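Worksheet for the structure shown next.
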2 protein chains.
Amino acid sequence: MFSKTCKYGIRAVLFLAVNTDKNKKIGVIEIAERLEVPRHFLGKVLQVLKKEGLISSIKGPGGGFYLSKENRKANIEDIVECLDGPSLLNACVLGLPNCSDENPCPLHFQAYACRHGLQYQLRHQSIDELARKIRREEIRI
Amino acid sequence: MFSKTCKYGIRAVLFLAVNTDKNKKIGVIEIAERLEVPRHFLGKVLQVLKKEGLISSIKGPGGGFYLSKENRKANIEDIVECLDGPSLLNACVLGLPNCSDENPCPLHFQAYACRHGLQYQLRHQSIDELARKIRREEIRI
DNA sequence: CGATAAAAAGATTTTTTTGTCCTTTATTAA
DNA sequence: TTAATAAAGGACAAAAAAATCTTTTTATCG
């Protein structure tokens with residue numbers, strides 16, 4: 001479903017949501033260790049998220065990655081679109097180039113119901129709300 | 001979502017459902033042309049489906065691939081499981097090894113609903129029914 | 001300023017997926 | 001029984017994704 005890039009990205013953003021703010025930053029090495037994820041690869045992913053404005057970072061001593069107030073307004077769909085592209089949730093499941101409601105593939109309506117449901121969930125899932133659930137230990141990263 | 005192997009496989013099975021039976025077989029070359037899919041690669045996919053008993057084939061002149069009565073009892077989920085493995089629809093969307101209802105990842109319940117919906121659809125979507133819709137031109141392969 | 005710490009950037013390697021090619025085996029028909 | 005046809009099987013190649021390594025840039029602090 002999601003690429004590893006995207007999986008790592010979502011988890012990292014949520015980790016940052018729970019553990020950082022403007023005054024408390026964390027470096028890639030620690031994030032990678034905590035999430036048990038390849039550190040250099042994660043570095044690349046964080047670079048992309050930063051460039052897209054979904055996370056924040058400061059170089060140099062005392063620097064690291066963190067989520068700003070602004071960053072927290074994003075939702076999970078933003079992360080997915082940033083890392084896997086918008087097509088992931090919209091393209092034809094069977095890869096047909098001109099699949100549409102008028103010209104549906106065999107799984108068009110079945111898949112679209114489910115995927116639009118998921119897309120709705122991701123869009124309305126704010127990072128802050130998931131962070132609260134993680135703090136309350138209702139879910140785990 | 002699905003691998004190309006799986007996309008090609010699903011389309012090929014439906015193509016066979018519409019265009020073949022015990023007395024009318026079709027070769028890989030023609031199937032690949034009709035579906036606009038790489039022919040050698042499709043050959044491999046069909047081999048796997050045949051081994052798993054999801055399609056039938058006969059070597060030699062007049063031979064080719066076809067769907068038997070028995071084959072038509074399968075559903076789309078069987079094809080997906082055969083080609084992409086059972087984990088595709090069941091594994092954690094974020095790739096966490098021990099994600100479960102008791103120990104959910106941040107997207108566990110959101111993803112669960114949607115994916116089980118899809119799985120249900122695939123399981124109850126008989127090949128014959130889709131073939132009928134293709135014949136009626138309600139959908140396209 | 002110089003040393004150090006951390007992200008950013010670039011280059012390279014490994015692994016997986018996708019795609020191709022060639023040989024072998026089975027079947028049919030002349 | 002031989003030629004032709006088609007799938008099966010094995011080996012190989014290309015492309016994409018995942019992972020690693022190295023260098024450069026930016027910031028901080030003594």
Side-chain angles (χ1 to χ4, degrees), chain A residues 1-13 16 20 22-33 35-68 71 80 83-85 87-88 91 94-95, chain B residues 1-13 16 20 22-33 35-68 71 83-85 87-88 94-95:
Chain A
M1 176 107 221
F2 300 136
S3 69
K4 292 212 177 181
T5 294
C6 192
K7 291 175 185 174
Y8 298 162
I10 293 172
R11 294 177 63 209
V13 170
L16 292 175
T20 70
K22 206 171 44 179
N23 302 311
K24 179 167 185 336
K25 309 178 184 72
I26 300 187
V28 218
I29 296 178
E30 186 180 341
I31 303 173
E33 274 169 6
L35 298 181
E36 298 185 82
V37 144
R39 86 164 87 148
H40 293 101
F41 192 66
L42 181 65
K44 295 292 180 192
V45 176
L46 294 178
Q47 257 179 57
V48 175
L49 290 169
K50 155 74 188 259
K51 227 181 236 166
E52 202 65 18
L54 291 170
I55 65 176
S56 306
S57 69
I58 294 289
K59 288 185 181 180
F65 293 93
Y66 67 100
L67 279 210
S68 67
N71 295 149
V80 173
L83 297 174
D84 275 350
S87 51
L88 180 75
L94 292 185
Chain B
M1 175 107 220
F2 300 135
S3 70
K4 293 214 176 180
T5 295
C6 192
K7 291 175 185 174
Y8 298 162
I10 292 172
R11 293 177 63 208
V13 169
L16 293 175
T20 70
K22 206 171 45 180
N23 302 310
K24 179 165 185 336
K25 308 179 185 70
I26 300 188
V28 219
I29 296 178
E30 187 179 340
I31 304 173
E33 273 168 7
L35 298 181
E36 299 184 84
V37 143
R39 85 164 86 147
H40 294 102
F41 192 67
L42 181 64
K44 297 291 181 191
V45 177
L46 294 178
Q47 256 180 55
V48 175
L49 289 168
K50 156 74 188 260
K51 228 180 235 167
E52 201 67 15
L54 291 171
I55 66 177
S56 305
S57 70
I58 294 288
K59 287 184 182 182
F65 293 93
Y66 67 99
L67 279 209
S68 67
N71 295 150
L83 297 175
D84 275 351
S87 50
L88 180 75
L94 293 185

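Treat the numbers as computed from the prediction; the structure is a model and nothing was measured. Chain letters run A, B, ... following the sequence lines, proteins first, then strands; residues in each count from 1.
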Can you tell me the distance, in whole Å, between the [atom1] atom of [X] and the [atom2] atom of [N]?
X       : N      : atom1 : atom2 : result
B:Ile29 : D:dA4  : CD1   : C1'   : 14 Å
B:Ile55 : D:dA8  : CD1   : C1'   : 12 Å
A:Asp84 : D:dA16 : CG    : P     : 16 Å

Heavy atoms only: give me the nearest [X]-[Y] pair and the separation to one decimal.
X       : Y       : value
A:Gly95 : B:Lys7  : N-CD, 4.0 Å
A:Arg11 : A:Val37 : NH1-CG2, 3.7 Å
B:Lys50 : B:Ser57 : NZ-OG, 3.1 Å
A:Asp84 : A:Phe2  : OD2-CA, 3.5 Å

Range on DNA chain C touched by chain B, heavy atoms, distance below 4.0 Å: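 Contacts span C:dT18 to C:dT28, reading 5' to 3'.
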
Sugar-phosphate, base or nothing in reach of A:Ile58, heavy atoms under 4.0 Å: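 The residue A:Ile58 makes sugar-phosphate contact but no base contact.
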
Under 4.0 angstrom, heavy atoms only, what part of the nucleic acid is A:Lys51 near: base, sugar-phosphate, or nothing?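 Counting heavy atoms under 4.0 Å across all strands, the contact made by A:Lys51 is with sugar-phosphate only.
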
What protein N or O atoms touch nucleotides 18-21 of chain D N or O atoms at under 3.5 angstrom, if any, and at what distances?
unit_1 : atom_1 : unit_2 : atom_2 : d
D:dA18 : OP1    : A:Lys4 : N      : 3.2
D:dA19 : OP2    : A:Tyr8 : OH     : 3.0

In dot-bracket notation, what is the pairing pattern of DNA chain D, taking Watson-Crick (N1-N3 plus N6-O4 or O6-N4) and G-U wobble (N1-O2 and O6-N3) contacts under 3.5 Å, with [ ] crossing and | for other strands? ||||||||||||||||||||||||||||||

Drop me the distance from A:Asn71's CG to A:Thr20's OG1, to the nearest 0.5 angstrom.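 These two atoms lie 8.5 Å from each other.
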
Report yes if the side chains of [X] and [Y] come closer than 4.5 Å at any heavy-atom pair, otherwise no.
X       : Y       : result
B:Ile10 : B:Cys6  : yes
A:Tyr8  : A:Leu35 : no
A:Leu54 : A:Val13 : no
A:Leu46 : A:Ile31 : yes
B:Leu83 : B:Leu49 : yes
B:Lys22 : B:Tyr66 : yes

A:Gln47 or A:Gly60, whichever maps to the more 5' nucleotide of DNA chain C: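 Nearer the 5' end of the strand: A:Gly60.
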
Tell me which of A:Gly43 and A:Pro61 sits closer to the 5' end of DNA chain C, going by the nucleotide each one is nearest to.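 Its nucleotide being nearer the 5' end, the pick is A:Pro61.
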
